[in-house]
Amino acid sequence: MSREIAKAYDPQQIEPRWAEYWVKEELFKADPNAPGPVFSIVIPPPNVTGSLHIGHMLDHTEIDILTRWHRMRGYNTLYLPGTDHAGISTQRVVVRKLEDEEQIDYRLLGRDEFVKRVWQWKEQSGGTIQQQMKQIGESCDWSREKFTLSPELSAVVREVFVRLYEEGLIYREKRIVNWCPECLTVLSDLEVLHEDRPGHLWHIKYPVAGSATEFLTVATTRPETMLGDTAVAVHPEDERYQHLIGKNVVLPLMDREIPIVGDEMVAREFGTGAVKITPAHDPNDFELGRRHNLAQIDVMTDDGHINMNGGVYADLDRFAARKKIVDDLRALGLLEKITDHVSAIGLCERSHTVVEPRISTQWFCRMKSLAEPAIEAVENGSIAIIPDNRRTEYLNWMRNIRDWTLSRQLWWGHRIPVWYCHRMLGGCGEIIVSRVDPVNCPNCRNAKLEQDPDVLDTWFSSGLWPFSTLGWPEDTADYRKYYPTSLLITGYDILFFWVARMIMLGLHFTKQVPFRAVYLHSLVRTAGGEKMSKSKGTGLDPVALNNQYGTDAVRFCLASMAAPGTDIVLSEDRLLGARSFANKIWNAARFLFVNLEKFEQSGVSIEEIAAPEVREKAPYGLGGKIPIVDRWFFARMAETVETVNDALANYRFHEGAQAVYQFFWGDFCDWYIEWVKPDLLSEDRAKSLVAWKNLFAGFEGALRLLHPFMPFLTEELWHQLPQKSGAKSIALGTYPEARAEWKDAAALAEFGLVQETIQTLRTLRAEMKLDKKKVGAEFASADVKVQATVQANLDGIVRLGLLTELKVLDGKLAEGGGGKKSTAQFDLRIPYVAEAIDVGAELARIRKEIDRLTKDIAGKEGQLGNETFRSRAPEKIIQGLEATLAERRVELRKFQERVKELEKQEEKEEKG
RNA sequence: GGGCGAUUAGCUCAGCGGUUAGAGCGCUCGCCUCACACGCGAGAGGCCAAAGGUUCAAAUCCUUUAUCGCCCACCA
């Protein structure tokens, strides 16, 4: 049989094939009736109209690693994919598209037509995410794919809205909200970014009514809002202004008399101690206005211009108005001064437009009572939030939670299920909140009902995601089996937007936690440390990266850098390193297959190697004796499995990645393959058969170990293994276990000694500049066990140390020249070409070593001589230290002897 | 104004009480060894930001400081 394996690793050749295969074969379709413990995870739904960015790639890599890992360990696994309609983002995209491509103002298009256009756009580009996810081979169940704005999930949204309304948690109220004049909608507090910007404090003189000379000077950062002033406030105990309380001032430019009120809200030390009050444009002023029964004058239009209430300033853009007002005040002599002032300015998360605080009637959700159980669940550990500092962040935010602005003045989203029976339409004023569209008013039978024009915040439907996608409120099989979900993995940037709300809504409606744990991963940043952003052009396109380096390499790279708690700065170096690793795996496989063909050509049936039980019985022995290298290798496998399992169980992806990297490259390629090479083609058939069996069992295990990290490559190679032909997927195989019979401390120590011997020889060779020349060498040790181990592995040591022969001596090396090296356990000498040694360089090197050792020994002696240390430190530490000290002393002695020898040699050379 | 994180080899980062502080890349030297030059072998390179403290023992815990970054916050 012949296996096809290309000379160079080319991910493009293999990835698309398996990506398609996995989807077509529905390999990852979940079955609620299947056995095994449950591992379920829902995707953080990406925005439907977008494309994957590198942050998603990280998200999905971590999710997929854990999903594949659990699946291979026998879990009943569900990874549920889907997308979010992303109200404001998507609407913005389509609005812009209409402007750019068709020069149409969406408002002129009308609601129905616009929404139709968005759906069209969604159909057209909405498949991008799914396409990309399939392309990068995520092991999700496509038959369960969901969309937040589908009829199915929209019904859940209505159900939840109506229930919350009926419970009195949703209400409609007029208050100060964050308004984005660019997106033309209200925003929740979370959607407003704060940025410190240098600005000014304008000091404006308001003439006191009835006095020609007296002024009350106010200080403001937003002079244009004075058009809507309805009072000036001072602190009631402020001696400077006490006498003015109850009087009026004349509002400049508007010539309106407004009262001076006393209110404790005013901070006497800030500004002038007198505050202009604009109840329609500032939250504090709004509150104060209510206390003092002040009128609310909104002076702004939706798109940030001054409205009719602004008199002559009407129609001016808000910033133009500011400038003109300041100029006019200056002209009137009412501008006392301008001082510099840095203020935190609110910006729209989406458009980065300056947000306008503005009075408006909106739907809100009361959060306090929802937050309480959500705090409790995290405090008592029902939901684990990892890393720990995010847990604290969550709790702090939850404890200070404020009501959630639910309504949005958008057209793309879940329309609020509220109808008004307007009096002006002959109705009774009834408000109808309903799961189904009402045909007429239940109160007065009026059929001319008007539905609330607004839609819900996108995060409202996202907040239901873990249970809405599983069929709630129906008691479906999926819901019963997979809810609560096992885990949520997402970026910490949406902890409040999404995670917190899922916890609150989940607990409220399902009476269960939506997930048992939340792992918040780092963000991928640009080289400059900034958050990547597509609009700034600093984003990385994962698809381009995957094409360039291979999906497996990108996945591996991300995983290897994903240490909890710190952000990731992706570098080309690391990506190249990961690609090299993939190439290394590929070539290790090539080695196996190419040589296996040679083996087959020698007339041997590979049935034995291919037998399915090979894996279970490895490592095989020869005449009942397992070769040391195989014992060692499988012991390393067991160690690696334990490290990886432990790492993944604790979301330490980088540790898992590092462990498999080291195991495959260092242990498997550098040592194991190199060591068994001659055995594979040995004339001794029994010997070669054992070597082949162990090699294939080892490689097959390594592939399964690697599979969650690098699914494509491992799938491809696994199918080419002789013992695996015909099987469906490595992904459905089992994950390697750290089998008890593999653990072998003696083998680790023995082969470790062999490795150290070879490495010492190689170092010596390099120092002697022997290049490729084969030479004889001597090995000496006082320990008979050490001697025996080296003797038993002589062939390998001679081969990998590029020797002609190695003499194993009891005790010390014989007198004589040449290059020498010692460790605590043994001495090595290469007698050949003694003159090639750079005596000076070696002396310098050794003196440095002696220096270091002397200090080290002194330190240890000091510590061991310390009575407090001896009485307090654990026994293990003391014994370890003593053993190390003994070793160091031996090393030091050997170095000192060597120095004497070299000094003699140096003298001789100088004389000669 | 609060809170959090970072500061470790030339670069990017691990390690977070215990025995000569690690990796990848880069660098130096030697190798195209019949799987791989996306490679093999050998090396150089670090008073773990600074100062105090706790401890038998500190890169690791505590305090303060400095620099950088992030999040939260209705003082006009």
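Remember, it's a predicted structure, so these values are computed and weren't measured experimentally. Proteins come first, then strands; the chains are lettered A, B, ... in the order of their sequence lines, and each starts at number 1.
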(request) Write out the stems for RNA chain B, ordered by first number and formatted as range with range, counting runs of at least 3 consecutive Watson-Crick or G-U wobble pairs under 3.5 Å. (result)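 So the stems come out as B:1-7 with B:66-72, B:10-13 with B:22-25, B:27-31 with B:39-43, B:49-53 with B:61-65.
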Without placing hydrogens or testing angles, list every side-chain donor-acceptor pair under 3.5 Å for residues 264-273 of chain A, not counting sequence neighbours.
unit_1: A:T272; atom_1: OG1; unit_2: A:T217; atom_2: O; d: 2.5
unit_1: A:T272; atom_1: OG1; unit_2: A:A274; atom_2: N; d: 3.2
unit_1: A:T272; atom_1: OG1; unit_2: A:A274; atom_2: O; d: 3.3

Please state whether the base of [N] and the side chain of [X] form at least one donor-acceptor pair under 3.5 Å?
X: A:D573; N: B:C25; value: no
X: A:E655; N: B:A23; value: no
X: A:K584; N: B:C36; value: yes

(request) Locate the shortest heavy-atom distance separating A:M367 from A:R402; write the atom from each residue and the value. (result)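 Minimum heavy-atom separation between A:M367 and A:R402: CG-O, 3.3 Å.
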(request) For A:A344 and for A:R762, find the nucleotide of RNA chain B with the closest heavy atom, then tell me which residue's nucleotide is more 5'. (result)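 The residue closer to the strand's 5' end, by nearest nucleotide, is A:R762.
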(request) Mind telling me whether A:W665 and A:Y661 have parallel, tilted or perpendicular rings, with 30° and 60° as the class edges? (result)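 Aromatic pair A:Y661/A:W665 classed tilted.
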(request) Mind telling me whether A:F593 and A:F699 have parallel, tilted or perpendicular rings, with 30° and 60° as the class edges? (result)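 Because their plane-to-plane angle is over 60°, the rings of A:F699 and A:F593 count as perpendicular.
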(request) Validate the cation-pi geometry between A:R762 and A:W671: distance from NZ or CZ to the six-membered ring centre under 6.0 Å, angle to the ring axis within 45°. (result)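 Yes, A:R762 lies over the aromatic ring of A:W671.
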(request) Check whether NZ of the Lys or CZ of the Arg A:K677 lies under 6.0 Å from the centre of the six-membered ring of A:F591 and within 45 degrees of that ring's axis. (result)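 Yes, cation above the ring, under 6.0 Å and within 45°.
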(request) Using heavy atoms and a sub-4.0 Å distance, could you list which residues of residues 884-894 of chain A are near RNA chain B? By number, please. (result)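 Output list: A:T884, A:R888, A:E891.
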(request) State whether A:S580 places a side-chain N or O below 4.0 Å from either non-bridging phosphate oxygen (OP1 or OP2) of B:G24. (result)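 For B:G24, neither OP1 nor OP2 has a side-chain N or O of A:S580 closer than 4.0 Å.
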(request) Look at A:R889 together with A:E861 and state whether they make a salt bridge at an N to O cut-off of under 4.0 Å. (result)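 Looking at A:E861 together with A:R889, the answer is yes, because their closest N to O distance falls below 4.0 Å.
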